[in-house]
Amino acid sequence: KAGSERAARDLGVELLFEGPVDSNAAKQNEIVENWITLGVDVIAVAAENREGISTALRKARREGIKVVTFDADAMPDARSFFVNQATPQGIGEALMDEAARLCGGEGEFAIICATLTAGNQREWQREIERRRQERHPGMKLVAVRPCDDLKDRAQSEATALMSAHPKLRLIMAICSPAVPGAAEAVKQAGKKGAVRVIGLGLPNENRRYVKEGVTDTVILWKTEDLGYLTVQAAVALAKGELKAGASTFKAGSLGEFRIEGDNILLGKPFLFNRDNIDQFDF
Amino acid sequence: MNRWIREWSVVGVLALLLAYLAWRAPAFFQLQPLLSLLAREAPSLVVACGVAMVIIVRQIDISVGSQFSVCSVIAGLLAAAGWPLAAVVPVAVLIGGSLGLVNGLLVAWLGLPSIVVTLATLVALRQCLNLVRQGEFVNLPERIQWLGLSQSQGQWLLVGGAVGLVAVLAWGLRHLAAGRWLYAVGSDAEAARLAGIRPRAVTLGTFVLMGALTGIAAMMNVVQSPQVQPLTGSGLELKAIAAAVVGGVAISGGRGTVWGVLAGLLLLACISPAMVHLHIDAYWEKAIQGLIILAAVMVEGLRRRRNHAR
Amino acid sequence: MRAEPAHPPAPGAAAGPSWRRWLLRYEVLLLLVLVVEWLLFYHFGTSVNRRGVTVGFGTLDRQFDILRHSCEIGLLALALTPVILTGGIDLSVGSLLGLCAVVFGGLTHALGLPLPVAAALTLVVGAVAGGLNAGLICQLRLPPLIVTLGTYSLFRGLAEAFTRGSVTYSDFPAGFLVLGQGRWGGLPVQAWLFLAVAVSVWIWIHRTVAGRACRVIGFAPEGARFAGIGVRGQLTAAYVAAGVIAALAALIYTSRLGQAKADAGLGYELFAITAVVLGGTSIFGGRGTVTGTLLGVAAIAVLKNGLATLPVVMRLNAAEELAGLLTGALLLAALAAGKLAERLRLSSVTG
Amino acid sequence: MSERPLLAFRRITKSFGAVRALRGVDLEVRAGEVHALLGENGAGKSTLIKVATGAHAPDSGVIELAGETLERLDPALARRRGIACIYQQPALFPELSVAENLALRLEPAAGWRRVAWAERHRVALALLARIGAEIDPGREVGTLSMPEQQLVEIASAIGAGARVVIMDEPTASLTRREQERLFGIVNALRREGVAVIYISHRLEEILALADRVTVLRDGQSVASRLRAEVDEATLIRLMVGRDVAQLYPPSESAPGAVRLALRGLCCRSAGGRPVSFEVRAGEVYGLAGLVGAGRTELARTLFGLTPADAGELWIDGERVTIGSPQAAIAHGIAYVPEDRRRHGVVLELPIEQNVSLAAWRRLFPLGWLRRDRERSEAREFVRALAIRTPDTETATANLSGGNQQKVALARWLATRPRVLLLDEPTQGVDVGAKSEIHRLVRRFAAEGMAVVLISSDLPEILGMSDRIGVMRGGELAAELPGGAGATQVMSAALGQPVEGTAA
Ligand SMILES: Nc1ncnc2c1ncn2[C@@H]1O[C@H](COP(=O)(O)OP(=O)(O)OP(=O)(O)O)[C@@H](O)[C@H]1O
Ligand SMILES: Nc1ncnc2c1ncn2[C@@H]1O[C@H](COP(=O)(O)OP(=O)(O)OP(=O)(O)O)[C@@H](O)[C@H]1O
Ligand SMILES: [Mg+2]
Ligand SMILES: [Mg+2]
């Protein structure tokens, strides 16, 4: 959000930002339709649900509104560009590779997700599984548990996972509240080092555990850059500076980004660990 | 026995579940994880007892989840601002109590239906918190955790405290005149008024007590981890109500015990870890949870049906 | 010693001026709230954008969007009204919506059934699920709250188990998507369905003996039995109807979003109950009107959607939160005003 | 008897909406006297005593207790000052035990007091024994029958050690034996110097008990006389404002063919015992018995509430099985239950909807409500039964007890039944209305209905019945002709040998 606001300032455009705290496809549709009737120029969405949002976005395009997606994509025909901070593939691979590295290539691990039905998380899990089969067959996924985006519930789930699977080597938390939740559980179970914690999250929520060595690695897309890039791309699109088929895109202060097909790539996912966490404060 | 049929059927289903676990997944019964599980459920237990009392007076409080969050976040902020624990706890209880007072005043004095009032405060408090915190965690200082004790001392203290609280409430509800008033008002408020009990005062008091218990519960939760998530406690109302009604508290008021609530909560709390231990895929969990809730109350229903036929 | 011979007052005399009685009715009050809301949003939420097009709250499109977005919750609220009138509750409608959505998706995609057949079967599933609730409540005489709390978990759980949490059915044929996205006779298609259901429920509740029976059961279940009302039959009808309406809502939901997934309708029951109680229906049963429910749904929908068109709110990025806050406030204010109006009505009667 | 009043009402007024229930009532009650309060249904008797117990705040006027004005009276204060009351509508807690129900009314109001359960049980046992009720103090009140609940109410009032005991129709559903026990208690209270306010519609009770009689009419006291100055006719004239010609109208028609026949009918699963008797068209069959004799249970079985599982039931020579109240209605059976508030009327519904409730099939054959029809039907009954109400849209809860009873009766008459089961149909009904009801019962019988009249009011049974069945322990102990005497019925009910015909 901060990044998108900076970009909006740089470019002198008006930015409407709406993000439900709880994620829900139907809600997002309503917001988009709201924007359509407001008659905005560009819509940028992080699709909560691929198919669900696409209908609304197609409608927007019919009305002459430009559409870009970021973070999570919609159907390709429903938008012009996808600002791809880290493809599900990128995230899945990064998580799985990191897990395998920490466990030395073999061992049991478990996943804690937000809900069983959240779209992007399902995709990450698919990628994780593919990577596991391809590169790390020694790793074994023993359970996937939802935590409803609640840190406390993640803590309980992690506790149960550890006692039910004594050979568990690693917990992979793929929603942000679950990372500190799992870390706290590992710490309380006295299994620091024996059970590793990695996940997707923000530096501030995990700083304590990363420093203590409970959490090993946190993967983060630099949200600020993502927001900045998205807004830059959206404005360029609206002004007609960015057209289909381009292969690079220059985004203000961030420099150039590669475009692959209709994906604008932000680069590889970013890994935090003990060494670099202090460089960030958000 | 007949009177406690629901309580016993819940205990029975719980015992079945535990027995099955002992057979298929004995690892469930390890001291430390079990203690952690109980400690994590201690706050829910306290809240569920409060909700049970509100239901006994024939009201309902579905705003507890939001109350819980507000107490937790404020307590967390105060602790982060350097307040000593001895000051934070009473403040949390006070805040809970005053949130309960607001509900209670609207219900008892304005005579609005409690489900509407607490539905309103549920949404309003939750959205206030979202507006103010935007989902950001509160980081707590180290000394708050486990009330400054060691982890296992702290966990024992929380579990013991919660059970002790249940025992005190159970005793009070059974053996204090004021406790019996709850049942009287829940059974028939007009009759209670004619018997010289002040139903409004009793209702108000119950809501305040409920709030204070929520404050205590929030503290019990806050001390268990070094961060407070503002979303904490969302969905707690449903869990608490479920524990109460499964544990035999009649939604029509005047009937129920906190011991039943304890059984109901333990049953509900065991389901999720049991799934993990039994290696059942998570997407079956809600269905099984629903079946267990139905099973636990079905015993009573079947029995009543048989009695009726006899 | 006697002052005056007291005759029982003539019928209607105690009623006071009837227009005043009517004005102080709760529904009229709600209507007033709705109109005020609408005018406020119309005034502050409508603007002309840079392309010279009128946008915001005041556009017809916007009004239709509100209509389309509130259809499913509105249907659930309608489904809940008779149930709540009987003194019961059905917490499972939101979960049932989810279950029916994936059942419909499964039937059309996995089994490849033709759409009308699949839709009909989905409605049957809704009826069966409602029947399950009714059976547990009537046959085993369990409290509705517990039963539907159980099925609330059960139905959602079945939907998740059925799709293993992840399968999303999409790619519905355009002919089906019309239901949730198209227009017919100037109005969104689902609005017609909604209207049909609303009118049916209204007739059922306010014009037939079955509706009266629901009320009597809500006031006094024992008394209803002693009056020879088939309590079980009426309760079963109410819960089965709730199931069928929830299934219908699932079809509309699926069509509107073009997808069926296990999380469909998550949390809708709370919105629906809010709308029903805002509409003046007593949660203890007996008292309430379908008109009230419709007004309640409208008041909440307009509030929620209208707020999102206010420039101030958009800049604050707080539509969601404010909508929640204001809904809460509205609930309290409306109910308090209802109480006050009742008192005024009584005092006007005293004269 | 001292001359200074112990309890005095001075110009009390009280309105409910448009209904002016009390319009300046003056009443003085002395210590050691039984002061009977009389009046038609809706005259304001219950309202007056609710003012005295602080349940209602008066609009104006004062209450004095032993010369001292009671300000801001509430039930707790009234109790502390020694005013105890048996309410007309039992104010009990259905989910709680009998012992606890008593304790909540008797124990001091301190909330932090420890509850002594054993003591409660003991006190309850003693009190129940004193009024001769055989009720287990541990039972939940919700499972008690109507008369048993009334006994619990009585126990709570006499246990309070009060200076003023108010009894609002304590005998409405009690049978002769309990009544007599109660009279003993009232007399004992009088001897102890307690002031008793006694409300009843049974004039013979009043004449037997009272020292002084006050008659209320339309919210005003129209007369206050010493017992010696009045007789039954005077009282009736004071209450109703006219003479009520004849209390029990004579049988007008000769009984026709057998309409209702029971052959060993019973519901074993509800603990019933087989019962056999026949009732002819145009006949009023009285059922007498003590509390708990099983009359209500029999009526419930006949009406399909606890369907019979043994024996046969014949209606108009046709064998029928009745598995539910709907089936009973379809066969033309109507049942006016004894527990008016819980079963007889739906308090929240308007009068007109209560009246039409059981007659839907006749009034709305298409299932489509017709308010006009319903209203005209209700108006007719309001007129015919002299139900005192501003209009037919008034909620039934706002009616006085006796008027509620008439609504319950109207509901079943509206079904045009062939068999009418009346369970305590005139409990709490004033003399005028009572004779009205009796006349109606006669008229309906004359039109060919078979009427089963269950009543604990022995004179009513004796006066109305063409034949009398006496029940005991769930069985028909004796069948007596209409002209039987009170002693015959009583001895049959108590299980003593009866001279005359036995069943
Ligand atoms: N809560 C109330 N609300 C409105 N009207 C009421 C209420 N209670 C009593 N009334 C009215 O007040 C009048 C007096 O009623 P009350 O119950 O005192 O009569 P009563 O003399 O006790 O009659 P009964 O012999 O039938 O018991 C009646 O007209 C009744 O309808
Ligand atoms: N609702 C009830 N629940 C449990 N027991 C009941 C209930 N009603 C009555 N009983 C019991 O059934 C027995 C028969 O009571 P019933 O009411 O039929 O007697 P009755 O002759 O009609 O007496 P009364 O004329 O005083 O009503 C009694 O022992 C009574 O305690
Ligand atoms: Mg009375
Ligand atoms: Mg009886």
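What you see below is based on every heavy atom in this structure, not just the backbone, and it leaves out hydrogens, waters and symmetry mates. Residue numbering restarts at 1 for every chain, and letters A, B, ... go by the order of the sequence lines.
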Ignoring hydrogens and angles, tell me if any N or O in the side chain of B:Q227 forms a donor-acceptor pair with the backbone of A:E205 under 3.5 Å. yes
Can you tell which of B:P226, B:A27, B:P33 has the highest number of heavy-atom pairs within less than 4.5 Å of chain A? B:P226
Chi angles and distances behind the salt bridge (Lys or Arg N to Asp or Glu O under 4.0 Å) call for A:E157, B:R40: CA-CA 11 Å; A:E157 292 293 347; B:R40 305 248 6 110; over 6 Å; no
How close do A:R145 and B:S272 get, heavy atom to heavy atom, and via which atoms? NH2-OG, 3.1 Å
Would you mind reporting whether B:E142 and A:R208 have side-chain heavy atoms less than 4.5 Å apart? yes
Residue among A:L161, A:V142, A:T159 satisfying side-chain contact (heavy atoms from CB on, under 4.5 Å) with B:V276: A:L161
Where on B:F28 is there a heavy atom nearer than 4.5 Å to chain A: the side chain, the backbone, both, or neither? neither
Select one option (side chain, backbone, both, neither) describing which atoms of B:L34 are under 4.5 Å from chain A's heavy atoms. neither
Do other residues, nucleotides or ligands put more than 12 heavy atoms under 6.0 Å from B:Q30 CD? yes
Tell me, for B:E285 versus chain A, whether the close heavy atoms (under 4.5 Å) come from the side chain, the backbone, both or neither. side chain
Any side-chain to backbone donor/acceptor pair from A:E184 onto B:S225? Under 3.5 Å, distance only. no
Value for NZ (A:K187) from CD (B:Q151), rounded to nearest 0.5 Å, stands at 8.5 Å
So for atom NZ, which belongs to A:K191, do other residues, nucleotides or ligands contribute more than 12 heavy atoms lying within a distance under 6.0 Å? yes
State whether the side chain of A:K151 and the backbone N or O of B:L231 hold a donor-acceptor pair below 3.5 Å, judged by distance alone. no
What pair of heavy atoms forms the shortest contact from A:D152 to B:T232, and how long is it? OD2-OG1, 2.7 Å
Shorter than 4.5 Å, heavy atoms on both sides: which option in A:P180, A:A143, A:P166 has the most such pairs with chain B? A:P180
Taking all non-hydrogen atoms of both residues into account, name the closest pair between B:Q155 and A:Q188 and its distance. NE2-OE1, 3.5 Å
Can you tell which part of A:L150 gets under 4.5 Å to a heavy atom of chain B, answering side chain, backbone, both or neither? both
Heavy-atom side-chain contact between A:P177 and B:F137 under 4.5 Å: yes
Under a 4.5 Å heavy-atom cut-off, does chain A meet the side chain of B:Q145, its backbone, both or neither? side chain
Please check if the number of heavy atoms outside B:W83 that lie under 6.0 Å from its CH2 is greater than 12. no
From CD (B:E41) to OG (A:S156), nearest 0.5 Å: 6.0 Å
Nearest 0.5 Å, please: how far is OG in B:S234 from CG in A:D148? 7.5 Å
